[in-house]
Trainee: 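What follows is a structure written as structure tokens; I'll ask about it next.
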Amino acid sequence: MSVKVRMAPSPTGFLHIGSVRTFVFNWLFARQRAGECLLRIENTDTSREVAEAVDQIQESLRWLGIDWDGPVTFQLDTAERARELARELVEKGHAYEDEGAIRFRQPKEGVVAWDDAVRGHIEFRNELLPDLVIVRSDGRPTYNFVSPVDDMVDRITHVIRGDDHVSNTPSQINILRALGAELPVYAHVPMINGADGRKLSKRHGAISVENFRADGYLPAALMNFLALLGWSFDDRTTIMAKHELVERFSLERVVPSPATFDYQKLDWMNGVYLRDLQPDEYAHFLCKWLEEQGIDWPQEMVHATAPLVQEKIEKFAQYPDFARFFFEPVDPPEDLDAGICQAAADRLAGVEPWAATAIEESLRDLADELGQKPRQAFAPIRVAVTGSKVSPGLFESLELLGRETSLARLTAVAA
RNA sequence: GGCCCAUUCGUCUAGUGGCCUAGGACACCGCCCUCUCACGGCGGCGGCACGGGUUCGAAUCCCGUAUGGGCCUCCA
């Protein structure tokens, strides 16, 4: 039998990375089993809805490479259907009116239990479950009612969601039973915390997909990282392309305990993906990112610098500072060794051809003649030319900058 | 407070009673490479929350404690 899952964000703002991790699991599961993955916006609480959120959510998912089957649906669209079912429940004695609202009548004895695909057997005593409101006095059905109803109507086979829903599950199961519906398989995946063990929030760093996009992470790297938060393939595999994740994912290997979001590991992983790109691909993604950030440096030059920075930075957000000297004037400190800069300028004036290897040869000769170690001699030259003690390869940078600019920067220090 | 859940290096995790002298990755430290930074190579540091059981044998099973989290809204 084919599986069917749903991703169910609420449109209250940008897509939170924790929700996305849950969606990644849903998506991987569905794609692996050649099933369906729906996108349902849970907008039952109209007061918290943010207008642009619905578009934003889709844009974020598309960017990450997560697609969905069929049109986007809205929880509110099934409100009428839910109201009818609520009335039926009242007629059958499974629910009752209470000050204009309708409450679900929980069974008063026994237990409600399910075998969670992630956490195993879980059970609750019915007598402890409150009779929850399923339709508000203003007629809008509540989340805990519409959600199982939609799952029933959509014939969802696996409900894969955050474990903050564990406590809602017994009530939703009782509702589904009262409705005569078949139960889906439940899989409650652990939450993601910040380094302090608290819920991941702004003060921890990037939290929405848009944040990560703006920081210059690659979608494939982000997905790889997210998939590994609470799931693993084996004891050693960490870098996995999308198709490999799809092939290898399984709910059985999702762990039940919460995970901490490790930004450093994400950075490392993104660096791995960045370095693995073909040079032209790298340049292409870099240009796209710069454009998104509103930085309009000449594309041709950006392309030329790409091979010089590819192995040096872990995310595109580091590019502007690292490569700025290619595009803008530098402002080196006063205390540079003017002598060696002038000597370098003199030497470089006659280098032919103006290419990294010839430049390197010439500067090494200079260092040699001055009786200095290369690292010692090149330091002031680097600062004079790039404005920083840390930069892409010096000789390649000089080549790219061109003789004129290079000499100008070197002599500017001497002046 | 009640109910439910979780607990292996700092972090992500492997581990389903003997393969564990607990493995890998990130981070960190050291060395090598080296024009800086990074990459790469080599090495190091570091963990089964605690206490009881069960068993010939427990990170793995059971009970308790502690800690953390979730839910207990006419929020989702």
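Quick caveat: nothing in here was measured; it's all calculated off a predicted structure. Every chain is numbered from 1, with letters handed out A, B, ... down the list of sequences.
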Trainee: Round to a whole Å and report the spacing from CZ of A:Arg324 to P of B:C37.
Mentor: 22 Å
Trainee: Please classify the nucleic acid contact of A:Gln376 as base, sugar-phosphate, or nothing, using heavy-atom distances under 4.0 Å.
Mentor: nothing
Trainee: Between A:Asn193 and A:Arg236, which residue's closest nucleotide on RNA chain B lies nearer the 5′ terminus?
Mentor: A:Arg236
Trainee: A:Phe23 versus A:Val209: any side-chain heavy-atom pair under 4.5 Å?
Mentor: no
Trainee: Does B:U34 have its OP1 or OP2 closer than 4.0 Å to a side-chain nitrogen or oxygen of A:Arg375?
Mentor: no
Trainee: What's A:Ser137 touching, base or sugar-phosphate or nothing? Going by heavy atoms closer than 4.0 Å.
Mentor: base
Trainee: State yes or no: are the ring centers of A:Phe145 and A:Phe104 separated by less than 6.0 Å?
Mentor: no
Trainee: Among the nucleotides B:A6, B:C3, B:A14, which one has an atom lying closest to any side-chain atom of A:Leu128?
Mentor: B:C3
Trainee: Rounded to whole Å, how long is the line connecting atom CG of A:Leu348 with atom C1' of B:C35?
Mentor: 14 Å
Trainee: Side-chain contact test, heavy atoms from C-beta onward, threshold under 4.5 Å: evaluate it for A:Asp151 versus A:Val159 and give yes or no.
Mentor: yes
Trainee: Check whether the side chain of A:Asn43 and the base of B:A76 form a donor-acceptor pair under 3.5 Å.
Mentor: no
Trainee: Name the nucleic acid region contacted by A:Val383, choosing base, sugar-phosphate or nothing; use a 4.0 angstrom heavy-atom cut-off, strictly under.
Mentor: nothing
Trainee: Between B:C71, B:C35, B:C74, spot the one nearest the side chain of A:Phe378, thanks.
Mentor: B:C35
Trainee: Describe the nucleic acid contact of A:Gly230 in one word from base, sugar-phosphate, nothing, applying a heavy-atom distance below 4.0 Å.
Mentor: sugar-phosphate
Trainee: Would you please confirm or rule out a distance under 4.0 Å between OP1 or OP2 of B:A76 and any side-chain N or O of A:Arg136?
Mentor: yes
Trainee: Could you give the CD-to-P distance, from A:Glu360 to B:U36, as a whole number of Å?
Mentor: 11 Å
Trainee: I need the A:Phe261 CZ to A:Leu226 CG distance, nearest 0.5 Å.
Mentor: 6.0 Å
Trainee: How far, in whole Å, is B:U65 from B:G47 if one measures between their P atoms?
Mentor: 28 Å
Trainee: Verify the contact: side-chain N or O of A:Thr260 to OP1 or OP2 of B:C12, cut-off strictly under 4.0 Å; return yes or no.
Mentor: yes
Trainee: My understanding is that a pair needs two contacts under 3.5 Å, Watson-Crick or G-U wobble. By that rule, which nucleotide pairs with B:A6?
Mentor: B:U67
Trainee: Whole-Å distance between B:C74 P and A:Asn168 CG?
Mentor: 12 Å
Trainee: Measure the shortest side-chain to side-chain distance between A:Val146 and A:Thr78 over non-hydrogen atoms and say whether it is less than 4.5 angstrom.
Mentor: yes
Trainee: Which part of the nucleic acid, if any, lies within reach of A:Arg40 when heavy atoms closer than 4.0 Å are counted: base, sugar-phosphate only, or nothing?
Mentor: nothing
Trainee: Select base, sugar-phosphate, or nothing to describe what A:Glu396 touches, counting heavy atoms under 4.0 Å on all strands.
Mentor: base
Trainee: Over how many whole Å does the gap from A:Glu123 atom CD to B:C5 atom C1' extend?
Mentor: 14 Å
Trainee: In terms of side-chain heavy atoms of A:Pro256, which of B:C37, B:A14, B:A6 is nearest?
Mentor: B:A6
Trainee: Report the distance from atom NE2 of A:His204 to atom P of B:U11, rounded to the nearest whole Å.
Mentor: 14 Å
Trainee: Check the side chains of A:Ser60 and A:Glu210 for a donor-acceptor pair under 3.5 angstrom, ignoring hydrogens and angles.
Mentor: yes
Trainee: With a cut-off of under 6.0 Å to the ring centre and 45° to the axis, is A:Arg248 in cation-pi contact with A:Phe233?
Mentor: yes
Trainee: Considering only B:G23, B:C5, B:C74, which nucleotide approaches the side chain of A:Glu99 most closely?
Mentor: B:C74
Trainee: Hey, does A:Phe395 reach any base, or is it just sugar-phosphate, or nothing, if we go heavy atoms under 4.0 Å?
Mentor: base
Trainee: Can you tell me the Watson-Crick or wobble partner of B:A14, both distances under 3.5 angstrom?
Mentor: none
Trainee: Could you check A:Phe29, A:Trp231, A:Trp27 and say which one makes a ring-ring contact (aromatic ring centres under 6.0 Å, His included) with A:Phe249?
Mentor: A:Trp231
Trainee: Determine the interatomic distance between C1' on B:A6 and the same-named atom on B:C48; round to the nearest Å.
Mentor: 15 Å
Trainee: When the nearest nucleotide of RNA chain B is assigned to A:Pro141 and to A:Asp164 on a heavy-atom basis, which residue is associated with the more 5' position?
Mentor: A:Asp164
Trainee: Does CD in A:Glu84 sit with more than 12 non-hydrogen atoms of other residues, nucleotides or ligands closer than 6.0 Å?
Mentor: yes
Trainee: Is the base of B:U13 touched by the side chain of A:Lys265 through a donor-acceptor pair closer than 3.5 angstrom?
Mentor: no
Trainee: For A:Asp267, answer base if it contacts any base atom (sugar-phosphate contacts may also be present), sugar-phosphate if it contacts only those atoms, and nothing otherwise; contact means non-hydrogen atoms under 4.0 Å.
Mentor: nothing
Trainee: Mark yes or no for a side-chain to base donor-acceptor pair under 3.5 Å between A:Arg119 and B:C5, with no hydrogen or angle criteria applied.
Mentor: no
Trainee: Identify which nucleotide among B:C75, B:A14, B:U36 has an atom closest to any side-chain atom of A:Ser391, counting heavy atoms from C-beta outward.
Mentor: B:U36
Trainee: Under a 3.5 Å limit for both distances, which nucleotide forms a Watson-Crick or G-U wobble pair with B:C61, could you say?
Mentor: B:G53
Trainee: With heavy atoms under 4.0 Å as the rule, sort A:Leu394 into base, sugar-phosphate or nothing.
Mentor: base
Trainee: Which base sits across from B:C75 as a Watson-Crick or G-U pair, both distances under 3.5 Å?
Mentor: none
Trainee: Measure from the side chain of A:Glu311, starting at C-beta and using heavy atoms only, and say which of B:A76, B:C39, B:A6 lies closest.
Mentor: B:C39
Trainee: Once you apply a heavy-atom cut-off of 4.0 Å, does A:Pro130 come out as touching a base, just sugar-phosphate, or nothing?
Mentor: nothing
Trainee: How is A:Asp138 classified with respect to the nucleic acid when contacts are heavy atoms under 4.0 Å: base, sugar-phosphate, or nothing?
Mentor: nothing
Trainee: Distance check needed: B:A25 C1' versus A:Phe233 CZ, whole Å only.
Mentor: 16 Å
Trainee: Which nucleotide in the set B:C12, B:A27, B:A76 lies at the smallest distance from any side-chain heavy atom of A:Gln264?
Mentor: B:A27
Trainee: Using both distances under 3.5 Å as the test, list the Watson-Crick or G-U wobble partner of B:C20, or none.
Mentor: none
Trainee: Under 4.0 Å between any heavy atoms, over every strand shown, what does A:His165 touch: base, sugar-phosphate, or nothing? Just pick one.
Mentor: base
Trainee: Touch check for A:Ser257, heavy atoms < 4.0 angstrom, all strands: base, sugar-phosphate only, or nothing?
Mentor: sugar-phosphate
Trainee: If you measure from the C1' atom in B:C9 to the same atom in B:C20, how many Å do you get, rounded?
Mentor: 15 Å
Trainee: Among the nucleotides B:C4, B:C74, B:A14, which one has an atom lying closest to any side-chain atom of A:Ala101?
Mentor: B:C74
Trainee: Let's test this: given Watson-Crick or G-U wobble pairing with both distances under 3.5 Å, identify the partner of B:C42.
Mentor: B:G30
Trainee: Rounded to the nearest Å, what distance is computed from the CZ atom of residue A:Phe124 to the C1' atom of nucleotide B:C71?
Mentor: 8 Å
Trainee: Just call it for A:Glu42: base, sugar-phosphate, or nothing, with non-hydrogen atoms closer than 4.0 Å on any strand.
Mentor: sugar-phosphate
